[in-house]
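Data first, discussion second: the structure below is written as structure tokens.
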Amino acid sequence: MAKVIWILVNCNSFKEAENIGRKILKKRLASCFDIIPRYAAFYFWPPKSGKIEKSKGGTLVLETFKKKYNLIAKEIKKTHSDKLPFIGFIEIKGIVKDYINWMEGEIKK
């Protein structure tokens, strides 16, 4: 059975998350996406500066198959406003077969 993953992408705004999500969806690389609000994110930037930055935005969650990860990550990097965006994935287990069948029908082979 195909491995289902959620690709997580931290975005600087809901608009950016939606634009990236729609681009991936239209290319049929994912079956759907969600945007989760981020109240605040704290991180060191620029690198090795010791300065702590704060931002808001949204986390984009793309639902797809593991075999699509590298292609999707490449597409995200082309569109994302950050020089170094967070892109990662979590494998999701226990999904009912009917749902996987639907995903397989929506995602380009």
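Counting begins at 1 with the first residue of the sequence.
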To the nearest 0.5 Å, atom NZ of K3 lies from atom CD1 of I95 at 12.5 Å
Using a cut-off of 6.0 Å, state whether more than 12 heavy atoms not belonging to K97 lie near its atom NZ. yes
Check A17 against C11 and note the closest heavy-atom contact, atom names and distance. CA-SG, 3.7 Å
Spatial distance of atom CD (E91) from atom NZ (K66) [nearest 0.5 Å]: 6.0 Å
Working to the nearest 0.5 angstrom, can you tell me the gap between T59 OG1 and L8 CG? 7.0 Å
Tell me, do S49 and F44 make a side-chain contact under 4.5 Å, heavy atoms counted? no
Between E75 and K78, does any side-chain N to carboxylate O distance fall below 4.0 Å? yes
Between V96 and F65, is there a shared hydrophobic cluster once you connect ILVMFWY residues whose side-chain heavy atoms come closer than 4.5 Å? yes
Only one of K68, K27, E63 forms a side chain to side chain contact (heavy atoms under 4.5 Å, CB included) with I107, so which one is it? K68
What pair of heavy atoms forms the shortest contact from S55 to R38, and how long is it? OG-NH2, 4.0 Å
Heavy-atom count around W45 CH2 within 6.0 Å, excluding the residue itself: above 12? yes
When rounded to the nearest 0.5 Å, the distance separating NZ of K54 from OH of Y43 is 11.0 Å
Share the residues that join L71 in a hydrophobic cluster, the rule being Ile, Leu, Val, Met, Phe, Trp or Tyr side chains under 4.5 Å apart at the heavy-atom level. I5, I7, V9, F14, I20, I24, L25, L29, F33, I35, L60, L62, Y69, I72, I76, I87, F89
Pairwise distance CD(E18) to OG(S13) - rounded to 0.5 angstrom: 9.5 Å
In chain order, what residues pass the salt bridge (charged side-chain N to carboxylate O under 4.0 Å, His left out) check against R28, with sequence neighbours excluded? E106
Check whether any side-chain heavy atom of P37 lies under 4.5 Å from a side-chain heavy atom of K56, and answer yes or no. no
Separation between OH of Y99 and OG of S31, rounded to the nearest 0.5 Å: 5.0 Å
Report yes or no: do K23 and N19 form a side-chain donor-acceptor pair below 3.5 Å? no
Is it the case that the side chain of H80 and the backbone of E16 share a donor-acceptor pair, with hydrogens and angles ignored and the cut-off at 3.5 Å? no
